[in-house]
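Everything on this sheet refers to the single structure shown next.
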Amino acid sequence: MTDLLGAYRPGRSVLHRIPAGPKLGLLATYGAIAVALHGPASAVVLLVVSLALTLVAGMPVRRTLRQVRGLLVLAVVVAAFQTWQRGWPVAVHVVGDLLALVLAALVFTATTPVDDVLTAVERGLRPFRRLGVRPERVALAFSLVLRAIPGILETARETRAAAKARGLERSPRALLVPLAVRTVGRAYETGDALAARGLGDD
Amino acid sequence: MIELDQAAVTVETTDGPLVVLEPTTLTLDEPRVAVVGANGSGKSTLARLLNGLVEPTSGHVRVGGLDTVDEGPAVRRRVGFVFTNPDAQLVMPTCLEDVALSLRRTVRDKAARRARALEVLASVGLEAKADTSVHALSGGQKQMLALAGVLATDPDVLVADEPTTLLDLRNTRLVADRLLSLRQQLVLVTHDLDLAVRCDRALVVDAARVVFDGDPAEAVAHYRALVAAP
Ligand SMILES: Nc1ncnc2c1ncn2[C@@H]1O[C@H](COP(=O)(O)OP(=O)(O)OP(=O)(O)O)[C@@H](O)[C@H]1O
Ligand SMILES: [Mg+2]
């Protein structure tokens, strides 16, 4: 699960060739469409479209499945809950949209080098510089968020192992408090490391 | 050249002010300076002073004539810093991307940036890992990559705070050999006394003070005596 996001796979597909900026725009539009459309039918269509995109991008099916394995478990739980609470059409709609969007995001990261994303975000935000926005910083923050997710998952796994070693795996406190402390501690360390590389000073 | 001029650090704690570093005056111009001392003695504080991550509460710290408080960004461009935990220092998905991140400011052209990043990776023996995920590296390789990320900014001084503490013997050797062979001035905080004696000068820090400053072998003897004393 550590490579849930951010793993670029070089290739020559159409999707690889769309420049990062427009591609980010397309991803946002796709998300907006998913939010705007309602009902199970549209969710299924979006899911099929997303799956097709992973194939167009040349992403191996097995690897993609492995990346979303954790999410599939969550999806089943959500689907069961929604079916019970609000009926199956809502369940299909919610879970279909969720998976479709995550897959679309995976397609984006698999076909776009981070360096290009940074440049695109910087360029896109340049007009806002006059309003006090610092494009380099926002771009850096953007990529850090992408990078932080696998890091936090890794920390969660370590924390759970540590709690288990002390027979505390059922205590939410023994899991959440150290997770929060470590995540914040690590964020500080990363901040220091970035400052020491002269990033964020601009 | 690094100068501390009556530099002191005090932090506010819930129990009132705590002196973390007593006023310290030093000039470091040897190529390789080691800093040793017990846990909590103030080594990291001293190290962090050198690139402005910690600001002196009184006195001054200057690197190459630049004040770390007044000219923070310029000092940080000049002073690289390697931390203990390589995981916290790596922020991009692949090795090449991580090094390229350091170059974004200085090398505008993408192809040139990639070429330069490959050169820097090669300088730490990681050229074959360019497109490898940073998660897939060993601890020693991660620390080498963190070093590459710093070397890419082309600093004049490198400060390393226990860079080998999390590494096994073999990786400690690799990382230490690389650090000690840098053309940059090196300030190395370490608990590894074998490394300390390979430097040109060593400081012993104890209870927020530099209690010995001089020949590394003598410094190590001094430190051992301190620990042995009741
Ligand atoms: N911001 C702070 N707030 C409170 N206490 C601090 C702060 N910074 C440092 N200290 C305290 O100052 C002392 C020296 O810390 P420092 O990190 O410099 O020690 P060190 O010699 O690097 O130790 P170690 O070998 O464990 O890394 C410690 O007792 C530490 O708890
Ligand atoms: Mg320390």
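Scope of the values below: all heavy atoms of this structure, side chains included, with no hydrogens, waters or symmetry mates. Here is the naming used below: chain letters follow the sequence lines, and residue numbers restart at 1 for every chain.
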Considering only residues two or more places apart or on different chains, which pairs with a residue in residues 22-33 of chain A satisfy salt bridge (charged side-chain N to carboxylate O under 4.0 Å, His left out)? none
CZ of B/Arg178: more than 12 outside heavy atoms within 6.0 angstrom? yes
Tell me whether B/Arg104 is salt-bridged to A/Glu122, with the criterion being a basic N under 4.0 Å from an acidic carboxylate O. yes
For A/Ala193 and B/Ala88, work out which heavy atoms get closest and say how close. CB-O, 4.1 Å
Heavy-atom closest pair (A/Val114 atom, B/Glu97 atom, distance to 0.1 Å) is N-OE2, 3.1 Å
Just verifying a value: how many Å separate A/Leu140 CG and B/Leu101 CG, rounded to the nearest 0.5 Å? 6.0 Å
Is a salt bridge present between B/Lys110 and A/Asp115, judged by a nitrogen-to-oxygen distance below 4.0 Å? no
Chain A-proximal positions within residues 26-48 of chain B [heavy-atom distance under 4.5 Å]: B/Arg48
Tell me, side chain or backbone of B/Leu96 under 4.5 Å from chain A's heavy atoms, or both, or neither? neither
For A/Pro113, which atoms come within 4.5 Å of any heavy atom of chain B: side chain, backbone, both, or neither? both
Of all heavy-atom pairs linking B/Gln89 and A/Arg197, the shortest is O-NH1, 3.1 Å
Using non-hydrogen atoms only, which part of B/Val159 is less than 4.5 Å away from chain A: side chain, backbone, both, or neither? neither
